[in-house]
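So you know, we letter chains A, B, ... as the sequences are listed, proteins then strands, and number each from 1. This one's a predicted model, so the numbers in the text were calculated from it and none came from an experiment.
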Amino acid sequence: MLSYALRRILIVLITLLAASVIVFAVLEIVPGDPARLMLGMNATEDAIAALRQQMGLDQPLIPRYFTWIGGLLTGDFGRSYTYSVPVIDLVRDRLVVSLPLALMALFLSTAIALPVGIFSAARRGTAADTGVMAATQLGIAIPNFWFALLLVYVFAVALRWVPAGGFPGWDAGLWTALSALLLPAIALALPQAAILARVTRSALLDVMSEDYIRTARAKGLPANAVLWRHALRNALIPVLTILGLQFSFLLAGTIIIENVFYLPGLGRLVFQAITQRDLIVVESVVVLLVATVVIVNFLVDLAYAWADPRLRRR
Amino acid sequence: MANGGIEGELVATEHEDWRRFIRKALANRSFLAGAVITLFVIAVALVSAIWTPYDVTKLVIADRLQGLSSTHLLGTDHFGRDILSMIMVGSRNSIAVALIAVGIGIAVGVPLGTYAAAKRGVVDEVLMRASDIVFAFPALLSAVMITAIFGPGAINAIIAIGIFNIPVFARVARGGALALWPREFILAARASGKRAGLITVQHIVPNIANLLLVQGTIQFSLGILAEAGLSYVGLGTQPPAPSWGRMLFEAQTMMTIAPHMAIVPGFAIIITVLGLNLLGDGLRDVLDPRLRRQR
């Protein structure tokens, strides 16, 4: 187990290193000088040169990469060109919106998908199963930002149950803050729930055809006991894998959903930073998101290598 | 003569394969529904190239925000443009972007994947780790980054979506090819002195075409969704060319007075994606019946 974990950690580190080089390189070839962009059309060449020096843009590429990556590792993410505050502060402010949003969406998607998938598998081939599968096909096909618009129209505009957009902050009270995140979380969760429900059903059906399930049945165990005690535990491995992958979709999904709901989260921050050419913010946030994806997937891998010793040898 | 006889038999077998495929396909509800929907959407896109009920670039302010009627079947938008015509032209843009992005994925990914499978060892390891790195980037985030950096527009959207199709097809091609290399007919080809490249082109690629076709429909539908998302945030197809995502963005502020502006393009996206997903599922069932019981 330890050697498996060490090998995986090495791969994680190489992936992160390569990802940081790619992000840095891609943003270096961006057309347009950030210093010129910040100072506007009428700035003098001297002023631009001074700002370039202050921002470290006059340094050669490789030392600049090492300064940046060294800063990231020590928690110094640099200073935003447009907001003139440390990037770490911006990230912290936005993370308190995006992280609860992604977690709420993940919770909702799991809470919907697992019972639906189990229900469908237990009634395989019936009209109920066909109906559920048709609904999940529809769920996968619905663009989440379109679903978000409909949710706003019904629950915020017509019924006035929740706000249509914006985030009042956690100081406004737990319920007020959570209710502002509810519609975005539902919009993010829907397609993921549909995918997860299909995976749960398919994994359960796979396990149900195994010999040990037949043995359990032959012993005279009731169908429900077989499902809950034997099948579900083994079916959770593919479900867990998809959950890990979904976290990355949810993080990326916040870029569009936060724009629909005008939420001041990480997705909106990175989107605005890209359009304002605030490269240091883009670099740091993208690397942070990539690191989150890689680490979450690593933890998922580790969890099922722990659960299923056969996987450690691969 | 004897040679001609063998060729004749091969052609007959191919005909038999086709007949069996068509028979199975017609019996598969998912395939049928998906094929009908997809062909309909493609037909609409093709028709839009030569005819639309109204000119999509013509603004008729007097006709703005009309509901569904016999003159404008799907109503008009805030500039008085006919929504049916915009949906028709939008289908062309969506399909073009998603299809070319799939083409990029296949054109680059399949050679990489089959090469990795043929060479194994270090080459395989490096290519697979490289695809891990691409997978570490949330696709939409990177697509937003690429289109924002190189400028918004359909071409950059194609590149952004296409880049993420490359590792997907590379993995599918590699997986399929790895399963084929130990097979007897490949061993026979190797024993006859054929080089790995020729074997890949003549034997491996035709035998993994099924897998690629199924994956192609999935990536196609994901491409439609991605293009809509990019256009919605203003980074995809640019006005005045209509696009489904852009239409949804413009509908956002009109939801209370003209909900049809948002509902119609949404349905267009859903129907297209649903059709492609059903087609993909159906194809998988028809081409590989072993997978059927799993779903």
Side-chain angles (χ1 to χ4, degrees), chain A residues 11-12 14-16 18-19 22-23 26-27 29-32 133 137-138 140-147 149-150 152-153 157-158 191 198 201-203 205-206 209 245 247-256 259-260 267 270-271 273-275 277 282 285-286 289-294 297, chain B residues 29-30 33-34 129-130 132-152 221-222 224-226 228-230 232-235 244-245 248-249 251-252 255-256 259 261-263 265-278 281 291 293-295:
Chain A
I11 293 177
V12 164
I14 293 172
T15 308
L16 286 178
I22 292 172
V23 171
V26 166
L27 291 172
I29 52 170
V30 174
M133 282 302 99
Q137 275 284 15
L138 200 65
I140 294 171
I142 294 178
N144 59 15
F145 55 95
W146 181 74
F147 188 55
L149 290 180
L150 289 193
V152 168
Y153 182 63
V157 178
R198 290 179 82 87
R201 175 184 177 274
S202 135
L205 289 181
D206 243 10
S209 63
L245 287 174
F247 194 69
S248 122
F249 281 106
L250 289 174
L251 278 178
T254 58
I255 295 182
I256 291 186
N259 267 304
V260 178
V270 78
F271 184 74
I274 288 172
T275 47
R277 295 280 186 271
V282 182
V285 177
V286 171
L289 290 178
V290 170
T292 314
V293 170
V294 172
N297 286 340
Chain B
R29 275 183 301 179
S30 179
R129 292 290 80 81
D132 277 351
I133 293 165
V134 180
F135 280 129
F137 286 83
L140 192 65
L141 171 72
S142 312
V144 166
M145 208 164 84
I146 290 170
T147 43
I149 288 168
F150 298 105
S221 78
L222 290 176
I224 299 267
L225 282 174
L230 286 177
Y232 174 79
V233 291
L235 296 172
W244 294 343
L248 283 176
F249 170 74
Q252 193 168 349
M255 281 294 277
T256 48
M261 270 180 69
I263 290 170
F267 271 113
I269 299 171
I270 293 171
I271 289 169
T272 310
V273 174
L274 191 62
L276 284 165
N277 286 346
L278 287 173
D281 278 358
L291 293 170
R293 92 193 144 80
Q294 291 177 8
R295 291 186 315 105

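Listed options B:Leu248, B:Leu225, B:Leu222, B:Val134 were ranked by heavy-atom pairs under 4.5 angstrom with chain A; first place goes to B:Leu248. Here B:Ile270 is the residue among B:Val273, B:Leu140, B:Ile270 with the most heavy-atom pairs under 4.5 Å with chain A. In terms of heavy-atom pairs under 4.5 angstrom with chain B, the leader among A:Val260, A:Leu150, A:Ile22 is A:Val260. Ranked by heavy-atom pairs shorter than 4.5 Å toward chain A, the options B:Ile269, B:Leu278, B:Ile263 are led by B:Ile263. Ranked by non-hydrogen atom pairs under 4.5 Å with chain B, the options A:Val294, A:Ile142, A:Leu289 are led by A:Ile142.
Here the closest heavy-atom approach between residue B:Met255 and residue A:Leu149 is recorded as CE-O, 3.4 Å. Shown here for B:Ala136 and A:Thr15, the closest heavy-atom pair between the two residues is CB-CG2, 4.1 Å. Shortest non-hydrogen contact noted between B:Ile133 and A:Ala18 is CD1-CB, 3.3 Å. In this structure, B:Gly229 and A:Phe145 approach most closely via the heavy-atom pair CA-CE2, 3.5 Å.
Proximity to chain B is limited to the side chain of A:Val282, based on heavy atoms less than 4.5 angstrom apart. Contact of A:Leu138 with chain B is made through backbone and side chain together, with heavy-atom distances under 4.5 Å. Of the two parts of A:Val157, only the side chain, counted from C-beta on, holds a non-hydrogen atom closer than 4.5 Å to a non-hydrogen atom of chain B. In this structure, chain A has a heavy atom under 4.5 Å from the side chain of B:Leu235, while its backbone stays farther away. There is no contact between A:Leu16 and chain B, counting heavy-atom distances below 4.5 Å. Contact of B:Thr256 with chain A is made through backbone and side chain together, with heavy-atom distances under 4.5 Å. B:Pro152 does not touch chain A: none of its heavy atoms, backbone or side chain, sits under 4.5 Å away.
Rounding to the nearest 0.5 Å gives a distance of 10.5 Å between CE of A:Met133 and CG of B:Asp281. Here the straight-line distance linking atom OH of B:Tyr232 with atom CG of A:Asn144 works out to 10.0 Å at 0.5 Å rounding. Separation of atoms CD1 (A:Ile274) and CD1 (B:Ile146) is listed at 10.0 Å; rounding is to 0.5 Å.
When side chains are defined from C-beta on, B:Val233 does not count as touching A:Ile255, because their heavy atoms never get closer than 4.5 Å.
Shown here is B:Arg129, whose CZ atom has more than 12 heavy atoms of other residues, nucleotides or ligands within 6.0 Å. The number of heavy atoms from other shown groups lying within 6.0 Å of CZ (B:Phe249) does not exceed 12.
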Please determine whether side chain to side chain contact (heavy atoms under 4.5 Å, CB included) holds for the pair A:Val293 and B:Phe137, giving the CA-CA distance in whole Å, both sets of side-chain angles, and the decisive distance to 0.1 Å. CA-CA 8 Å; A:Val293 170; B:Phe137 286 83; over 6 Å; no
